[in-house]
**Student:** 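Following this message is one structure expressed as structure tokens.
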There are 2 protein chains.
Amino acid sequence: MTVVKNAVESAAEAETAALLIRRTGARATPARVRVLRLLRMVPAALTHHEIEQAIGDLPVDRVTLYRVLDWLVESGLAHRNADAQRVFRFSAAAIGEHSAHTHFRCENCGRVFCLDAAPPAPPSLPEGFSLSHLELDLRGRCAGCTGEHR
Amino acid sequence: MTVVKNAVESAAEAETAALLIRRTGARATPARVRVLRLLRMVPAALTHHEIEQAIGDLPVDRVTLYRVLDWLVESGLAHRNADAQRVFRFSAAAIGEHSAHTHFRCENCGRVFCLDAAPPAPPSLPEGFSLSHLELDLRGRCAGCTGEHR
DNA sequence: CCATCCGGCGCAACTCTGTTGCATCTGGCA
DNA sequence: TGCCAGATGCAACAGAGTTGCGCCGGATGG
Ligand SMILES: [Mn+2]
Ligand SMILES: [Mn+2]
Ligand SMILES: [Zn+2]
Ligand SMILES: [Zn+2]
């Protein structure tokens, strides 16, 4: 019952991912669809390694996965940022909007959570300075990690 | 004239660095003093590689430099954070005050400027999240780099 | 249908950044 | 000055990501 429902939802999610990919003019290959679907369904920023684990059955080649992730970032469908352990983490981009938004990074598990709080207004800069990027960097412990030992 | 003055200032900076190091109870070794002095004099967060270049004469062993940087971070004299290219960058910690303040990083020359604008108020977090660090990350072009080609 | 083409894939080898093990050396104190 | 815990230097290692190149298979045109 729930199994069937999940399977249907799963297929729908895959189709959505495929559409988003084709919309860019590129091919909706299995690797791309599977990775984008995963990123869109998981509320966190995942590492290359975590993604490899998560799509364990029918494994994707290591390099292919790197190239899929590069392509997703380049085409605007995903974000990449280096975590505190200097490993890249990938998360699905918000559909319509590329606009800046606020992130919370858990210092225990390394995951990144996207908050819907609007970014703060930029402060006044010294004469001659120009701003191209503004982001509020928030770190601490996520709900899942609060109260865990160490 | 200016040469002499710079040399004196240079020695004074080195002595300050040595004092800060001894104050922690550890040895003020040449490598530690040279690295901390550099970080304190440069208004930017530098990579291991950039630091190696900057203290070019009398080179420090690669591994020793890594260990010096680890020690500086561990002892609270420097900060480490991974940049967008997933490389660690190191900067001197503010002496008395660790309080959050606003930084502007020039994407052309890489320098970091400390603004006196107060950091924004923290947004409300999801249930169970706790905040330990808040920083406004501002990037763009500094006054010196505005209007330069590329 | 078939030929062709080109984007994507798989594998191997490589680079870059940082770490670990271990022998040797030395800063700072007695 | 002599001592020795704590630093250093060298070599080997590890993880994350990149590059080169030949191959494959889906799209496209006849
Ligand atoms: Mn996000
Ligand atoms: Mn600062
Ligand atoms: Zn967490
Ligand atoms: Zn600049």
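Labels below follow one simple rule: chain letters A, B, ... track the order of the sequence lines, proteins then strands, and each chain is numbered from 1.
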**Student:** Out of curiosity, A:R86 CZ to B:R86 CZ, how far, rounded to the nearest 0.5 Å?
**Tutor:**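 Rounded to the nearest 0.5 Å, the CZ-CZ separation comes out at 4.0 Å.
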
**Student:** Anything under 3.5 Å between a protein N or O and an N or O of nucleotides 26-30 of chain C, put it in a table, one pair a line.
**Tutor:**
unit_1	atom_1	unit_2	atom_2	d
C:dT26	O2	B:R27	NH1	3.3
C:dG27	N2	B:R27	NH2	3.4
C:dG28	OP1	B:A28	N	3.0

**Student:** Nearest heavy-atom pair of B:A93 and B:G76: which atoms, and what distance?
**Tutor:**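 Of all heavy-atom pairs spanning B:A93 and B:G76, the closest is CB-O, 3.4 Å.
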
**Student:** Should the pair A:R80 and A:F88 be classed as cation-pi, given the thresholds of under 6.0 Å to the six-membered ring centre and 45° from the axis?
**Tutor:**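 Here A:R80 passes the 6.0 Å and 45° test against A:F88.
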
**Student:** Rounded to whole Å, please give me the gap between CG in B:L65 and C1' in C:dT19.
**Tutor:**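 Interatomic distance, CG of B:L65 to C1' of C:dT19: 14 Å.
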
**Student:** Please write out the pairs of protein N or O atoms and N or O atoms of nucleotides 9-13 of chain D separated by less than 3.5 Å, giving the distance to one decimal.
**Tutor:**
unit_1	atom_1	unit_2	atom_2	d
D:dG9	OP2	B:T64	OG1	2.9
D:dG9	N7	B:R67	NH2	3.3
D:dG9	O6	B:R67	NH2	2.5

**Student:** Checking all strands, does A:H48 fall into the base, sugar-phosphate, or nothing category for heavy-atom contacts under 4.0 angstrom?
**Tutor:**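 Sugar-phosphate, backbone atoms only, no base.
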
**Student:** In whole angstroms, how far is the C1' atom of D:dA7 from the CZ atom of B:R32?
**Tutor:**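 Result: 7 Å.
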
**Student:** Could you tell me how far apart B:F88 (CZ) and D:dG15 (C1') are, to the nearest whole angstrom?
**Tutor:**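 Distance, rounded to whole Å: 12 Å.
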
**Student:** Working to the nearest 0.5 Å, report the span between CZ of B:R62 and CZ of B:R67.
**Tutor:**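 Nearest 0.5 Å value for the CZ-CZ distance: 11.0 Å.
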
**Student:** Whole angstroms only, please: what is the CD-C1' distance between B:E52 and C:dC16?
**Tutor:**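 Computing the B:E52:CD to C:dC16:C1' distance gives 12 Å.
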
**Student:** Taking atom P of D:dA16 as reference, at what distance in whole Å does atom NE2 of A:H49 sit?
**Tutor:**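 Checked: the NE2 to P distance equals 7 Å.
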
**Student:** Are any side-chain N or O atoms of A:R32 and backbone N or O atoms of A:R27, one a donor and one an acceptor, separated by less than 3.5 Å?
**Tutor:**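 Yes, A:R32 side chain to A:R27 backbone: donor-acceptor pair under 3.5 Å.
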
**Student:** Check whether the ring centres of B:H79 and B:F90 lie less than 6.0 Å apart, and answer yes or no.
**Tutor:**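 Between B:H79 and B:F90, the centre distance exceeds or equals 6.0 Å.
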
**Student:** Atom NE2 of B:H48 and atom CD of B:Q53: how far apart are they, to the nearest 0.5 Å?
**Tutor:**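 Separation between the atoms: 10.5 Å.
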
**Student:** Give, for atom CD of B:E50 and atom CD1 of B:I55, the distance between the pair rounded to the nearest 0.5 Å.
**Tutor:**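 Result: 12.5 Å between the selected atoms.
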
**Student:** So which heavy atom on A:S75 is nearest to which on A:T24, and how close?
**Tutor:**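 So the two residues come closest at CB-CG2, 4.5 Å.
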
**Student:** Using whole Å, report how far CD of B:Q53 lies from P of C:dT17.
**Tutor:**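 So the two atoms are 11 Å apart, to the nearest Å.
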
**Student:** Can you check the B:E74 CD to C:dG18 C1' distance for me, whole Å?
**Tutor:**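 That distance rounds to 16 Å.
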
**Student:** I want to verify a distance call: between C:dT19, C:dT17, D:dA7, whose nearest atom is closest to the B:V87 side chain?
**Tutor:**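 Closest of the options to the side chain of B:V87: C:dT17.
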
**Student:** For D:dT18 and A:Y66 - does any side-chain N or O of the residue sit under 4.0 Å from the phosphate oxygens OP1/OP2?
**Tutor:**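 Result: no.
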
**Student:** I need the CG-P distance between A:L46 and D:dA16, as an integer number of Å.
**Tutor:**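 Roughly 14 Å, once rounded to whole Å.
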
